[in-house]
Number of protein chains: 2
Amino acid sequence: MKIEPASSGPARPADLSAQIAAAIRDAIMEGRLIVDERLPSEAELAEHFAVSRPTVREALKRLAAQSLIRTQRGATGGAFVNRLSFEEAYAQQITTSTLLLSMNAVSFATACEARYALERACAPLSAARRGADHLAAMRREINRQGEPALTDEAFCASDVAFHRALVDGAGNPVLSYQLAGAVEAMQPLMNMITFSARSRTRIIALHTDIANAIAAQDQRAACDGLTALEDETQALARSVFATRSPRA
Amino acid sequence: MKIEPASSGPARPADLSAQIAAAIRDAIMEGRLIVDERLPSEAELAEHFAVSRPTVREALKRLAAQSLIRTQRGATGGAFVNRLSFEEAYAQQITTSTLLLSMNAVSFATACEARYALERACAPLSAARRGADHLAAMRREINRQGEPALTDEAFCASDVAFHRALVDGAGNPVLSYQLAGAVEAMQPLMNMITFSARSRTRIIALHTDIANAIAAQDQRAACDGLTALEDETQALARSVFATRSPRA
DNA sequence: AGAACTTTAATTGTAAGACAAATGAAAATT
DNA sequence: AATTTTCATTTGTCTTACAATTAAAGTTCT
């Protein structure tokens, strides 16, 4: 075990628990602590860093919040370096992205542009590699979006599911992970929109175009479909926001 | 203030501090706690949730680790809902992405493909909008990459800086944030590569092509340049890994 | 009255000790 | 040999206490 105190700038001494967490985090990121390796017990860490156990525990909880470690009780328990799974990474990515958008007055246009730019990056790969399951998921969501009784919120959720299937079709987990934030974080913004029956019809038509392009492995058409959908979404948002708040 | 215990599935009762952290996190994400709002004091939270103060503190440290709150000591101190800045979001994104790649046996090819796909999504926007500062940064890094005394690690760092300038040129902070993880997390993988003088020359030439395309606002050429660079990088990585570990 | 200083109260940061709960391993028993 | 019991280890939680910090209220001096 090699965990040394962070020897960085003395600037302003942060909390002890933050310092200890940083030291252990560095050890993990630099490979000095490997996956599934057991950290010393809380008592040992407390002695090593010359702090009390509650302080060590606060540090460990910080790391647990980032899924860097997991803890287990019992005789052979302890804190273990956690293999960060794609699932956990998704969740964190989505939390961070959602809050970033909701707290920073990011315009709908900016977020929307980013999302569709990223999706267009996936489209060619997805068109080339999509499996039957991804196509089926896309078709299923399109059907669902046609149900008239669907609330706006459920329509948005289905929209997200459609786009996630599109992204996952690229068969690149890193890409799926990166896009998860961009797609999911848009949902709260999309939920501010009221989808009229007419706009739903247009969106469903565009979704169908995109799904068909993916099915036909037509990369160009898939990208063009996404561009058309982006334009439609942006126009819809503009009209909704203009109607709702004519004070801006 | 409205913070109610998470009423989710009873599955397996997690730690109290995790439950409390989740309850407060939900309150923040659902807007029941707004930016800069002060949370109740630790003592009040302890009473509200019927737990001890150390347990509350562990919960708060979890939230602090995600930059959801910040704390301040003193008479008017306390825990405040933190406005998640792009800086903080970058940092978390990079930490998560880096660990995800290093811990999950993601192949260089997969990570590289994702990175360049995402960068190609930025290229058209960057070509359209890049400012003089972004172009200058790109040229500066290209010059730096030509210095013969540069270590491989410094060459990689400059490469990252070049690509970040390219991404930032798109003028979309959301896009920059999303790409930060993809670009930076590749650096440890790139550092495993030895860059011969010949390969450096080729990379610099491709960087120059890309910078020129961006300068000329030629979207197509910028994308093609990135594709060429991706091919070059992938080929380089293949040759390096094949030479180094012929056991796989 | 006003400015500088002091006190005070509130709040987070840290420490120490204790007990509960979980858990696997060792020991005892059948 | 198999099963049960005991036990030691470790995390989870509580209690109490004190230190450090900070802004506001109060006090004193000019």
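Remember, it's a predicted structure, so these values are computed and weren't measured experimentally. Note on naming: letters A, B, ... go to the chains in the order of the sequence lines (proteins, then strands), and numbering restarts at 1 for each one.
- Here C:dA15 presents its C1' atom at 15 Å from CD of A:Glu47, a figure rounded to the nearest Å.
- As a whole-Å value, the separation of A:Glu42 CD from D:dT13 P is 11 Å.
- Closest contact between the side chain of B:Thr71 and the listed nucleotides C:dT12, C:dT14, D:dT11 involves C:dT12.
- When all heavy atoms are compared, the tightest approach of A:Gln92 to A:Ser67 is OE1-OG, 3.4 Å.
- With a 4.5 Å cut-off on side-chain heavy atoms, A:Tyr177 and B:Asn104 do not count as touching.
- Within the 4.5 Å cutoff, the side chain of A:Leu166 has no heavy atoms near those of the A:Glu141 side chain.
- Between B:Ser17 and D:dG12 there is no side-chain polar atom (N or O) within less than 4.0 angstrom of OP1 or OP2.
- Of the candidate nucleotides D:dT11, C:dT14, C:dG24, C:dG24 has the atom nearest to the side chain of A:Thr76.
- For A:Phe195, the ring pair (Phe, Tyr, Trp, His ring centres under 6.0 Å) criterion is met by A:Phe155, not counting sequence neighbours.
- Of the side-chain N and O atoms in B:Arg57, none sit less than 4.0 angstrom from OP1 or OP2 of C:dT12.
- Taking atom CZ of residue B:Arg70 and atom P of nucleotide D:dT21, one finds them 20 Å apart after rounding to whole Å.
- Atom CZ of B:Arg38 and atom C1' of D:dA23 are 13 Å apart (whole Å).
- Using a 3.5 Å distance cut-off with no hydrogens or angles, the side chains of A:Glu153 and A:Asn191 do not pair a donor with an acceptor.
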Between the protein and nucleotides 14-20 of chain D, list the N/O to N/O atom pairs that are separated by less than 3.5 angstrom.
residue: D:dC14; atom: OP2; partner: B:Ser52; partner atom: N; Å: 2.8
residue: D:dC14; atom: OP2; partner: B:Ser52; partner atom: OG; Å: 2.9
residue: D:dC14; atom: OP2; partner: B:Thr55; partner atom: OG1; Å: 2.8

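- Comparing atom distances between the A:Gln72 side chain and each of C:dT14, C:dG24, C:dA9 picks out C:dG24 as nearest.
- The CG-C1' distance, from A:Leu39 to D:dT9, rounds to 17 Å in whole Å.
- If you check the side chains of B:Asp168 and B:Ser176, you find a donor sitting under 3.5 Å from an acceptor.
- Nucleotide C:dA15 holds its C1' atom 17 Å from the CZ atom of A:Phe49, rounded to whole Å.
- Note: CG (B:Asp15) to P (C:dA22) measures 12 Å, nearest angstrom.
- Test B:Arg144, B:Arg115, B:Arg164 against B:Asp159 for salt bridge (Lys or Arg N to Asp or Glu O under 4.0 Å) and you get one pass: B:Arg115.
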